[in-house]
Amino acid sequence: MQTDMRQFLIASTDPIERQQAPALQAILIAISVAALVALIVFLAVLGVNPTSGVPAGGAVLVMLTSLAGVAALRRGYFRLAVLVPSAGLIVAVFFVTVIYGYPAATPFFLVTFIPVILTGLLIETRPLLLIAAASALITAVIFLVNPVIAPFTTMVQPPGDLTIVAVALFLLVLFVVTTIIALFGPVLRQSLVAALARERELEQLRDSLEATVNERTAGLQEALRMVEQREAQLQQALADLQASQATIRELSAPVLPVLPGVLIAPLVGAIDESRAAVFVANVLRAVERERAQQVIFDVTGVPLIDTQVARMILQAADAVRLLGAQVILVGIRPEVAQTVVGLGVVLDMKTYADLQQAIHALSAAFPAGVNRLSRPQ
């Protein structure tokens with residue numbers, strides 16, 4: 001039944017109001033039933049006369065406003081469904097107490113507890129304070145109004161003994177209050193249990209998120225450490241590569257002593273600008289270190305001598321001459337010689353067909369007992 005009721009009250013968008021709506025409907029129906037029972041009691045005890053008309057009218061008002069609250073609830077107006085019956089209860093008590101006065105109307109004040117409890121359980125504090133203030137003001141208004149209207153209400157004054165009415169009102173109020181607590185107690189408990197369950201889920205989720213964050217952080221730190229290690233390895237590999245390249249450049253243009261004061265600088269393969277610079281630097285350092293007088297440029301292994309290569313050889317020869325040594329060029333093949341002549345390059349240096357002829361010529365220039373060649377003038 002509660003499930004059907006929640007589906008019927010679908011106009012309410014608040015999930016809390018949806019949960020409380022079935023209990024509120026049952027309470028409003030209980031108030032209507034209690035008002036109907038009170039109406040029967042008033043008519044049975046006081047009879048059908050103007051005296052019983054006052055509380056009977058109040059009972060009818062309570063019953064009608066409670067049913068109006070049910071209608072408002074079914075249309076999704078939750079707050080209105082609480083405030084309309086509460087206002088009906090207060091107006092009914094005010095009407096009866098003003099007409100009856102003290103002490104006859106005292107038992108009817110028990111009814112004012114119902115709207116206070118109802119608004120306190122269902123809606124926020126502000127309406128509760130308004131309902132409580134309105135209930136409290138009834139007593140003050142009675143003192144102010146009762147002396148003025150007393151002459152006009154004499155004909156409807158109740159008999160002196162209203163014990164049965166007081167007991168009936170007490171039991172009816174107890175019935176309504178018990179119904180309110182019985183219906184809203186489980187709802188509040190369920191809400192509290194659900195809130196605690198959500199809190200535990202949130203704590204578990206938070207712990208899970210913290211564990212995940214810690215794992216991800218550890219993973220990121222490990223990845224960062226590996227990246228740093230790889231970067232260090234790459235830096236070391238780059239340094240080794242640069243050292244290897246330097247060694248290769250040195251080996252690609254070696255300068256070797258073959259006789260006292262004589263160096264040989266073989267050229268092999270294609271000669272580019274970088275290799276030419278290394279060749280010239282190696283030759284000049286070796287001439288200075290060995291105090292060489294003759295340097296043999298062996299171009300046997302050079303497949304092609306173009307303008308750039310020829311210019312490099314000439315520049316190297318000029319630099320060697322500035323250091324006081326002479327340059328001998330060997331290993332020029334016939335096709336290379338034709339290319340050089342075709343380019344119009346003049347190789348201003350002594351040449352030999354091959355290294356053997358150059359070494360033989362330089363060896364013949366050594367006098368007996370002399371270990372070094374004389375520096376040519």
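When a residue number appears, it is its place in the shown sequence, counting from 1.
For L183 against A23, the heavy-atom pair with the smallest separation is CD1-O, 3.5 Å. Taking each heavy atom of V327 and A317 in turn, the nearest pair found is CG2-CA, 3.7 Å. Looking at every heavy atom in both residues, F78 comes nearest to L24 through CE1-CD2, 3.7 Å. Shown here for G58 and A92, the closest heavy-atom pair between the two residues is O-CB, 3.5 Å. Pairing each heavy atom of A358 with each of I328, the nearest pair is CB-CG2, 4.4 Å. Taking all atoms of both residues into account, the shortest heavy-atom contact from A168 to V41 is CB-CG1, 3.8 Å.
Under a 3.5 Å cut-off, the side chain of R75 and the backbone N or O of A71 do form a donor-acceptor pair. Of the possible polar contacts, none joining the S208 side chain to the Q204 backbone as a donor-acceptor pair under 3.5 Å is found. Proximity of a side-chain donor or acceptor of R333 to a complementary backbone N or O of T300 within less than 3.5 Å is detected.
Neither L234 nor L241 shares a network with the other; the hydrophobic side chains, linked directly or stepwise wherever heavy atoms of I, L, V, M, F, W or Y lie under 4.5 Å apart, form separate groups for each. Hydrophobic clustering keeps L130 apart from F94 (ILVMFWY residues linked when any side-chain heavy atoms are closer than 4.5 Å, directly or through intermediates). When hydrophobic clusters are built by joining Ile, Leu, Val, Met, Phe, Trp and Tyr residues whose side-chain heavy atoms come closer than 4.5 Å, directly or via intermediates, L314 is grouped together with L323. A continuous path of Ile, Leu, Val, Met, Phe, Trp and Tyr side chains, each step under 4.5 Å between heavy atoms, connects I164 with V173, placing both in one hydrophobic cluster. In the hydrophobic clustering of ILVMFWY residues, with side-chain heavy atoms under 4.5 Å counting as a link, L118 and L174 come out together.
Here E228 contributes atom CD and Q221 contributes atom CD; the two are 10.5 Å apart, rounded to the nearest 0.5 Å. Put simply, CD on Q293 and CG on L362 are 10.5 Å apart, with the number rounded to the nearest 0.5 Å. Going from atom CG of L110 over to atom CG of L171 covers 10.5 Å, rounded to the nearest 0.5 Å. In this structure, CD1 in I114 is found 12.5 Å from CD1 in I131, a value given to the nearest 0.5 Å. For the atom pair Q233 CD and Q236 CD, the distance stands at 9.5 Å (nearest 0.5 Å). Taking NZ from K350 and CD from Q294, the interatomic distance works out to 7.0 Å, rounded to the nearest 0.5 Å.
In the model, N214 has no side-chain atom that pairs as donor or acceptor with a side-chain atom of E210 under 3.5 Å.
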- Task: Evaluate the side-chain contact (heavy atoms from CB on, under 4.5 Å) criterion for residues D354 and Q357: first the C-alpha distance (whole Å), next the side-chain angles of each, then the deciding distance (0.1 Å), finally the verdict.
- Result: CA-CA 6 Å; D354 53 31; Q357 290 183 7; 3.2 Å; yes
- side-chain contact (heavy atoms from CB on, under 4.5 Å) between L209 and L205, worked out: CA-CA 6 Å; L209 289 176; L205 180 60; 4.1 Å; yes
- Message: The test is side-chain contact (heavy atoms from CB on, under 4.5 Å); show your working for V116 and T112 and say whether it passes.
- Response: CA-CA 7 Å; V116 173; T112 58; 5.7 Å; no
- side-chain contact (heavy atoms from CB on, under 4.5 Å) between L256 and L263, worked out: CA-CA 5 Å; L256 306 172; L263 300 175; over 6 Å; no
- Starting from the C-alpha separation in whole Å, work towards a yes-or-no answer on salt bridge (Lys or Arg N to Asp or Glu O under 4.0 Å) for R225 and E222. CA-CA 5 Å; R225 186 181 63 81; E222 180 65 20; 2.2 Å; yes
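Other residues sharing a hydrophobic cluster with L61 under the 4.5 Å side-chain heavy-atom criterion for ILVMFWY residues are V91.
Counting heavy atoms from C-beta outward, P115 and P85 have side chains that stay 4.5 Å or more apart. V287 places a side-chain heavy atom less than 4.5 Å from the side chain of V295. In this structure, the side chains of M349 and Q326 stay at 4.5 Å or more apart for every pair of heavy atoms. Inter-residue side-chain proximity for Y77 and R79 is flagged as unmet; no heavy-atom pair is nearer than 4.5 Å. Residues Y352 and H360 are not in side-chain contact: their nearest non-hydrogen atoms beyond the backbone lie 4.5 Å or more apart. Contact of the L355 side chain with the I264 side chain is registered, since non-hydrogen atoms from C-beta on lie closer than 4.5 Å. Side-chain contact between M312 and L267 is present, with at least one heavy-atom pair separated by less than 4.5 Å.
The side chain to side chain contact (heavy atoms under 4.5 Å, CB included) with I31 is formed by just one residue from the set V111, T65, V62; it is V62. Applying side chain to side chain contact (heavy atoms under 4.5 Å, CB included) to V176 and the options I180, L172, T179 leaves one that passes, I180.
In R321, the CZ atom is crowded: over 12 heavy atoms of neighbouring residues, nucleotides or ligands sit closer than 6.0 Å. Within a 6.0 Å radius of CD in Q356, other residues, nucleotides and ligands contribute 12 heavy atoms or fewer.
The side chain to side chain contact (heavy atoms under 4.5 Å, CB included) check on A316 picks up F279, V280, F297, with sequence neighbours excluded.
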